[in-house]
Amino acid sequence: VAHREGAVIAWLLATAHAADLVRARALAARLDGEVWVGVHFAIADGWHLYWENPGDSGMPTRFELEGAAAPPLFPGPHRFVLPGDVVNYGYEGEATVLFRGEPDEIDVTWLVCRSECVPGSAHLVVPDPRRSDRRAIRAARKALPDRLPVPADGVLALRVEPGTAVTVFPSVGAEEAVLVAAVEGRTLHFRADPASVLAEHGVVLQLAGPGGTRYVQLGPTMEPR
Amino acid sequence: MKYLLFALIALISPSWGSPVGSPAPDFTLVDTDGKQVTLSQLKGQIVVLEWFNPECPFVKFAHGSGPLSYLPGVWTDKGVKWIAINSGAPGQQGNGLDKNRTARSLWSMGYPVLLDETGEVGRLYDAKTTPQMVVIDKDGIIRYAGGLDNAPMGKTEGNAVIPHVQNALTAVMTGKAVEVPSSKPYGCSVKYGS
């Protein structure tokens, strides 16, 4: 009997552990006359969730919506380098993915990794936007990359703080292009070759300056479905 | 000068596993039964390398109900030599004789699982994920490197499934060019020690 109890406790602990790695909840608010819905993820210390392009390994965090909504808007990602120079794009701590529109329910599936990976999922019922998570939604909107017009020649020059470090996050389809970014003084230079890649397969740039980190986005990063 | 500077600072270009068209780097490893396997001794046979970790969710899917539950059997019946390689370091997920022996029997893998605990062979082939795949022709030339297919965990985002390894093997077997010789590997990271 003691044996069986031990096994049950071990199983309960393992299950609780898996559930604790990621906690997902739905948010909603009406801002500037438009309904925004968000999925907030709280991620256990040392673990990371994935951006829409997971990088060398991992799996994109995926959403299936019931009711009307535009594609997910991911916040600016971070870069994780695992042993063997395996590069991952994603989030640690917390992250909120946003949707414009009013889905009723959201099914979300994810893979959460540190060295090992654990798949997870949640079925979320979207709360009434009148109940309002305005502050959280507003903060999540701030964490979205700023969309810039796509340069037809693939070249971008952008004014930045001196000492800014730039990191390039290609969408899945942009990985085959040559993407070059560097900061010289107060200017960020970015170039995509072929230039045409940005029209369909976008790129997110992380600009980490002395005064804080911001993100810009060129082109659509979500692959057409 | 400006562009040179750019190139030095931050360049992203894809390199998906081993260079297709070049000779497959030779190696000798020991399988879970203690038997030595040397790649160069398999010349004259088509060889498939499959990076393996029995505890990776992608590998569990592929072997449990996905393509790796039937593809290796189909192709080994046609004379293809299929080899799994676990490049996980000691103490990492999926490492160790017991776990790999158990998985081999659980999934009825009729082919060897080689242990590469130093990660040397994994790095030689630039293996980043499990399951990452390499197809080598009878002359020892790499003809395909990359993902098993375009369907991680069986999901394709509404697109048709492209069975890359199946297609590559069909082409190599019939003496044709491999239409898609490389694709982005997907899955868990290979659990290298450092």
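Just so it is clear, the model here is predicted, and its values are computed rather than measured. Order of the sequence lines sets the chain letters (A, B, ...), proteins ahead of strands, with each chain counted from 1.
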Step-by-step disulfide (SG to SG under 2.5 Å) determination, B:Cys56 to B:Cys188:
CA-CA 6 Å; B:Cys56 161; B:Cys188 304; 2.1 Å; yes
Does the pair B:Arg104 and B:Asp31 meet the rule for a salt bridge (Lys or Arg N to Asp or Glu O under 4.0 Å), with working shown?
CA-CA 11 Å; B:Arg104 220 181 137 237; B:Asp31 72 11; over 6 Å; no
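Residues B:Phe58 and A:Leu111 meet the side-chain proximity criterion, which asks for heavy atoms closer than 4.5 Å. Between A:Met59 and A:Trp110 the shortest side-chain heavy-atom distance does not fall below 4.5 Å.
Contacts between residues 76-94 of chain B and chain A, counted as heavy-atom pairs separated by less than 4.5 Å, involve B:Gln92, B:Gln93.
A salt bridge (Lys or Arg N to Asp or Glu O under 4.0 Å) check over residues 159-178 of chain B, counting only residues at least two apart or in different chains, returns nothing.
Residue contact with chain A, scored on non-hydrogen atoms closer than 4.5 Å, involves the side chain of B:Thr129 exclusively.
B:Tyr125 and B:Gln132 form no side-chain donor-acceptor contact under 3.5 Å, judged by distance and modelled atom types alone.
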